[in-house]
Q: 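Below is one structure. I have some questions about it.
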Amino acid sequence: MSTRNTIAIVGRPNVGKSTLFNRLVGQRQAIMDNQSGVTRDRHYGYGDWIGKNFTVIDTGGYVHGSDDIFEEEIRKQVKLAIEEADVVLFMVDADAGMHGLDEEFAAVLRRYQGQKPIYIVANKADTHARAHASGEFYALGLGEQAEVFPISSQSGAGTGELLDAVVAHFEEAGEEDPDSGIPKIAIVGRPNAGKSSFVNLLLGAERSIVTDIAGTTRDAIESKYAAFGNEFILVDTAGLRRKARVNEDVEFYSNLRAIRAMEAADVCIVMLDASRGIEAQDVSIIGLADRNRKGIVILVNKWDLIENKETNTARDFEAKILEKIKPIAYPPIVFISVLNRQRVHKAIETAIEVYQNKRKKIPTSQLNDTMLKEIEKYGPPAVKGKIVRIKYVTQLPTHNPVFAFFCNLPQYVTESYTRYLENRMREHFDFTGVPIGIVFRKK
Ligand code: GDP
Ligand code: GDP
């Protein structure tokens with residue numbers, strides 16, 4: 001078995017292959033090397049499950065012509081999956097029920113039975129009834145131990161059980177995503193804030209574009225850069241580098257692509273125009289980034305336009321921004337001038353620091369040493385005569401910093417005490433730019 005640990009998803013159009021693909025690769029699409037000359041529409045990405053890394057191929061990406069799919073294409077898709085993958089997922093639609101094309105796929109797949117493990121995945125089994133009804137696909141006479149896995153790619157239900165079964169076939173840990181650890185940065189902001197100018201300046205720095213990412217995501221363009229000694233991936237929003245031709249007044253944030261780019265990124269740079277200050281749409285994208293647990297950096301561009309700057313000018317400006325984005329208080333604010341190339345380096349450095357903060361893992365002993373002292377100093381207030389005792393703190397193995405406080409009565413911890421703990425956490429550990437989660441668990 002290859003160390004690649006490859007999973008291929010096959011099936012007729014619209015069953016949800018790319019939805020499952022996106023769930024498995026966790027938004028991290030594979031990056032293609034321009035030089036290697038490989039085709040750009042290879043739909044593959046990296047994922048991992050209980051300590052096993054794997055590559056996922058969405059073979060549907062090769063078959064064009066949507067519903068007009070012919071036997072030739074089915075054969076091509078299946079052949080590719082069998083050749084490239086260690087495990088094949090044959091996806092059908094539990095909502096639509098059996099379809100003639102499913103039977104055609106099954107007929108082709110049956111020729112390869114025994115060569116590779118094949119699983120039937122009944123997607124869109126969003127409800128119990130649909131999951132139950134997916135039993136009809138046993139009739140396809142395929143599948144590892146003839147099993148049908150009902151899942152919902154949309155909600156993620158059932159995907160854990162499926163992955164448990166799939167990764168059991170992988171003997172080795174597998175190759176890690178070569179781009180894990182490289183921050184993905186999205187730059188958003190109102191028209192004219194200076195986003196394109198900023199990107200163009202970065203492009204001019206040192207090495208420009210290193211690699212472009214495969215056309216897997218339908219909405220965001222991603223490119224890998226090295227600037228000022230740092231590697232990062234820029235998630236472009238529509239018309240960022242090529243100036244948008246459309247009406248500039250179009251509400252920028254109603255543009256789904258900006259939101260998609262933000263969602264695909266680790267860190268969201270929100271660029272403001274110093275001459276306009278922070279506006280309602282900026283506040284809402286910051287709120288959205290916070291809810292999506294993204295790192296956030298606020299850049300105040302065109303600082304050159306502010307005349308008669310005094311020592312307090314930046315501080316007052318900063319206070320106004322923080323007032324508007326309350327209760328979010330953690331984003332760093334950097335004042336720059338793309339025009340004068342002022343603090344552009346600092347801006348990128350800050351974004352990378354925020355990314356590092358987002359990935360930070362605090363050792364449990366250190367966490368307990370500092371936080372239990374703070375809790376001793378000021379314990380949770382009694383609610384309805386109930387005394388909450390926090391015994392132990394640990395960081396959860398999540399992609400964003402989340403801290404679990406184990407206690408006897410988690411339901412009695414107040415919101416203000418949660419805020420107290422978050423503030424102490426931020427005092428002791430640098431989580432600048434990053435939303436952190438505080439949860440209470442029963443001991
Ligand atoms: P593909 O052509 O096989 O790659 O299918 P897509 O991933 O593009 O999905 C086709 C449609 O099915 C999209 O509208 C999805 O939103 C929808 N879809 C995907 N997974 C689910 C699911 O688990 N439940 C439901 N209800 N819809 C889904
Ligand atoms: P985008 O719509 O956010 O991509 O904004 P652009 O990069 O196209 O910039 C809009 C306008 O602001 C252009 O005329 C730029 O030359 C100008 N601009 C960009 N950065 C600065 C800056 O730091 N200072 C000043 N004074 N103008 C700037």
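As a basis for the values below, the full set of heavy atoms in this structure was taken, side chains included, without hydrogen atoms, waters or symmetry mates. Whatever order the structure lists them in is the order used to number ligands and atoms, beginning at 1.
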Q: Polar-atom distance check: Pro13 versus ligand 1, any N or O pair below 3.5 Å?
A: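 No, no N or O pair falls under 3.5 Å.
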Q: Any idea which part of Arg190 is under 4.0 Å from ligand 2, heavy-atom wise: side chain, backbone, both or neither?
A: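 Looking at Arg190 and ligand 2, just backbone atoms fall under 4.0 Å.
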Q: Is it true that Gln342 lies under 4.0 Å from ligand 2, counting heavy atoms only?
A: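 No.
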Q: N/O to N/O below 3.5 Å, does that happen between Lys17 and ligand 1?
A: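 Yes, there is a polar N/O contact under 3.5 Å.
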Q: Are any of the N or O atoms of Arg130 closer than 3.5 Å to those of ligand 1?
A: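 It does not: no N or O of Arg130 is found under 3.5 Å from an N or O of ligand 1.
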Q: I'd like to know if Arg130 pairs up with Asp126 as an ion pair, taking the criterion as any Lys NZ or Arg NE/NH1/NH2 lying under 4.0 Å from an Asp or Glu carboxylate oxygen.
A: yes
Q: Out of Ile336, Asn301, Ile306, whose heavy atom is nearest to atom 21 (C) of ligand 2?
A: Asn301
Q: State whether Phe431 and Lys360 meet the cation-pi test: NZ (Lys) or CZ (Arg) under 6.0 Å from the six-membered ring centroid, and within 45° of the perpendicular axis.
A: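 So Lys360 does make the cation-pi contact.
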Q: What atoms of ligand 2 come closer than 4.0 angstrom to any heavy atom of Ser337?
A: 23 (O)
Q: Is there any N or O on Asn340 that sits under 3.5 Å from an N or O of ligand 2?
A: no
Q: Let me see the working for Val10 and Val88 under side-chain contact (heavy atoms from CB on, under 4.5 Å), right down to the final yes or no.
A: CA-CA 7 Å; Val10 302; Val88 177; 4.1 Å; yes
Q: Consider every N or O of Leu339 and every N or O of ligand 2, then say whether any pair is closer than 3.5 Å.
A: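 Between Leu339 and ligand 2, an N or O pair is found under 3.5 Å apart.
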Q: Using a 4.5 Å cut-off on heavy atoms from C-beta on, say whether the side chain of Leu89 contacts that of Leu20.
A: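 Of all side-chain heavy-atom pairs linking Leu89 with Leu20, at least one is under 4.5 Å.
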Q: Step by step, would you call Tyr46 with Asn53 a side-chain contact (heavy atoms from CB on, under 4.5 Å)?
A: CA-CA 7 Å; Tyr46 292 89; Asn53 296 304; over 6 Å; no
Q: side-chain contact (heavy atoms from CB on, under 4.5 Å) between Tyr355 and Lys184: does it pass, once the steps are laid out?
A: CA-CA 9 Å; Tyr355 174 71; Lys184 275 194 181 184; over 6 Å; no
Q: Enter the distance from Ser197:OG to Leu339:CG here, rounded to the nearest 0.5 Å.
A: 8.5 Å
Q: Strictly under 6.0 Å, is that where the ring centroids of Phe170 and Trp49 end up?
A: no
Q: CD of Glu427: more than 12 outside heavy atoms within 6.0 angstrom?
A: yes
Q: Go through it in stages, so that I can follow the logic: the residues are Arg343 and Trp303, the test is side-chain contact (heavy atoms from CB on, under 4.5 Å), and I'd like the CA-CA distance, side-chain angles, deciding distance and then a yes or no.
A: CA-CA 10 Å; Arg343 284 183 292 277; Trp303 197 234; 3.6 Å; yes
Q: With a 4.0 Å cut-off on heavy atoms, does Pro191 reach ligand 2?
A: yes
Q: One thing to verify: whether Arg190 and Asp282 come together as a salt bridge, which I'm taking to mean a side-chain N less than 4.0 angstrom from a carboxylate O.
A: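 Answer for the salt bridge query: no.
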Q: Just go through Asn22, Asp58, Asp126, Asn14 and tell me whose heavy atom is the nearest to atom 2 (O) of ligand 1.
A: Asn14
Q: Taking all non-hydrogen atoms of both residues, which atom of Val148 and which atom of Ala122 are closest, and how far apart?
A: CG1-CB, 3.9 Å
Q: Out of Leu201, Leu305, Asn192, indicate the one that has the non-hydrogen atom closest to atom 10 (C) of ligand 2.
A: Asn192
Q: Does Ala193, backbone or side chain, put an N or O under 3.5 Å from an N or O of ligand 2?
A: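 Between Ala193 and ligand 2, an N or O pair is found under 3.5 Å apart.
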Q: Within a distance under 4.0 Å of any heavy atom of Ser197, pick out the atoms of ligand 2 and give their elements.
A: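 In order of number, 6 (P), 7 (O), 9 (O), 15 (C), 19 (C).
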Q: Can you find an N or O of Val338 that's nearer than 3.5 Å to an N or O of ligand 2?
A: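 Yes, there is a polar N/O contact under 3.5 Å.
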Q: Any atoms of ligand 2 less than 4.0 Å from a non-hydrogen atom of Asp304? List them with their elements.
A: 22 (C), 23 (O), 24 (N), 25 (C), 26 (N)
Q: Ligand 1 and Val15, any nitrogen or oxygen pair closer than 3.5 angstrom?
A: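 Such a contact does occur with ligand 1.
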Q: Evaluate Gly194 for polar contact with ligand 2, using N/O atom pairs at a separation under 3.5 Å.
A: yes
Q: Answer with side chain, backbone, both or neither: which part of Ile151 has a heavy atom less than 4.0 angstrom from an atom of ligand 1?
A: neither
Q: Look at atom 15 (C) of ligand 1 and find which of Val10, Thr19, Ile9 reaches it with the closest heavy atom.
A: Thr19
